[in-house]
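These notes are about the structure you will find just below.
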Amino acid sequence: MQRHSTISPLLSLPGAVPAEGPDDGVAAHYGDLFREQRALADGSGLVDLSHRGVVTVTGDDRLSWLHLLLTQHVSDLPAGLATEALILSAHGHIEHALYLVDDGTTVWAHVEPGTQDDLIAYLESMKFFYRVEVADRTADFAVVHLPAGSIAEVPSGTVVREASHGRDLFLPRAELEAFAAAHGPAIGILAYEALRVEAHRPRLGLETDHRTIPHELGWIGTAVHLQKGCYRGQETVARVHNLGKPPRRLVFLHLDGSEVLLPAHGTPLRVAADGDEGRQIGFITTSARHHELGPIALALVKRNVPLDAELLAGNTAAAQEVVVEP
């Protein structure tokens, strides 16, 4: 995944510690990770997601055209209704994840940092005779997340994408600092990620690799509509759903709390009974420190790993919970 070059002005707030990796450009935290998590869980504060890409599609054919390209049913998407969708390769592997809303004239989507250029290139290549215009609005708009239960007043005219876990605002970048000052406290990406892991929500580039298919992550139903065809990779989706099982499955892990360091993305997973020389059966995708659950993680494991097997993430003991049924 490409790195994003935008540096958020909220990194100048007191206590801000910069995030690294795919979240470079925003704050990891502002000095108290667990306090920030509790505030977010209680419905207060805001999360700076201004490093994410923002892409718009306008034109009379925007919904019918996107319907042909995305895994989601969007041809009749009502204005203001949030949804999410994927773009797959011809073999059904996940290439892009889009978090969408249509405001009545424009489809707005936010995507993983640095992925918007490749996404736009693909969309441009598929325009043909359709009446659509695709634009990169990342330089003009910042994504800001308000948690479920937030009573923050959204500025008039702001495009809002409302999901079960909160609202994503497409806020003009020039208004970011003033909005944060009025509706803070600002909450770092680590708190947001910890609650994402707790909720088992997958993220492109962390829970996915070059061969991930939607069934492995529980994206069937939420991002993939099974009653539509006409999109690249649809044959794989239908075949696995109707005739087989995905080769891997997403699991939620409770990690041994005595370890000082969390296992990093990509840390090999083994069955504990086989020891640290055992065969690798999966890998950590995201790990986090949760204010109530302690150290937790998401991971991809082989489908046939026993549900009751104790695992080792590197040298860290891990107990699994089912996210995707084997």
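As a basis for the values below, the full set of heavy atoms in this structure was taken, side chains included, without hydrogen atoms, waters or symmetry mates.
Between the side chains of T212 and D209, at least one donor N or O lies within less than 3.5 Å of an accepting N or O. Inspection of the H51 and D23 side chains reveals an N or O donor paired with an N or O acceptor under 3.5 Å. A donor atom on one side chain and an acceptor atom on the other are not found under 3.5 Å apart for E36 and H29. Under the 3.5 Å distance criterion, with hydrogens and angles disregarded, a donor-acceptor pair is assigned to the side chains of T105 and D103. Using a 3.5 Å distance cut-off with no hydrogens or angles, the side chains of H254 and E321 do pair a donor with an acceptor.
Here F179 pairs with H183 under the ring-ring contact (aromatic ring centres under 6.0 Å, His included) rule; sequence neighbours left out.
Taking the six-membered ring for Trp and the full ring otherwise, W108 and F141 have centroids separated by under 6.0 Å. Between H93 and H210, the distance from one ring center to the other does not fall under 6.0 angstrom.
Formation of a donor-acceptor pair under 3.5 Å by the R249 side chain with backbone atoms of R303 is found in this model. Under the 3.5 Å distance criterion, the side-chain polar atoms of T58 are left unmatched by any main-chain donor or acceptor of T106. The closest donor-acceptor contact from the side chain of H67 to the backbone of S75 lies under 3.5 Å. Judged by distance alone, the side chain of E193 and the main-chain N or O of G188 form no donor-acceptor pair under 3.5 Å. Checked by atom type and distance alone, the side chain of E259 never pairs as donor or acceptor with a backbone atom of T316 at under 3.5 Å.
Of the residues Q116, H145, E112, the one that meets the side-chain contact (heavy atoms from CB on, under 4.5 Å) test with R52 is E112. A side-chain contact (heavy atoms from CB on, under 4.5 Å) with V237 is found for exactly one of V224, L86, N242, T71, namely V224.
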Exercise for the section: For side chain to side chain donor-acceptor pair (under 3.5 Å), just list the numbers for T138 and D136, CA-CA rounded to whole Å, side-chain angles, deciding distance to a tenth of an Å, and then say yes or no. Expected result: CA-CA 6 Å; T138 309; D136 182 355; 2.6 Å; yes
Exercise for the section: Evaluate the side-chain contact (heavy atoms from CB on, under 4.5 Å) criterion for residues L68 and Y130: first the C-alpha distance (whole Å), next the side-chain angles of each, then the deciding distance (0.1 Å), finally the verdict. Expected result: CA-CA 11 Å; L68 299 175; Y130 290 93; 3.1 Å; yes
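Between the OG atom in S44 and the CD1 atom in I187 there is a gap of 5.5 Å [rounded to 0.5 Å].
Between D61 and K127, none of the side-chain N atoms (NZ, or NE/NH1/NH2) sits under 4.0 Å from a carboxylate O, so this pair counts as no salt bridge. Ionic pairing of E207 and R196 is present here: one or more N-O contacts between side-chain nitrogen and carboxylate oxygen are shorter than 4.0 angstrom. Checked for salt-bridge contact, E216 and R248 meet the test: a charged N lies under 4.0 Å from a carboxylate O. Using a 4.0 Å cut-off between charged side-chain N and carboxylate O, R232 and E95 make a salt bridge.
Shown here is K245, whose NZ atom has no more than 12 heavy atoms of other residues, nucleotides or ligands within 6.0 Å.
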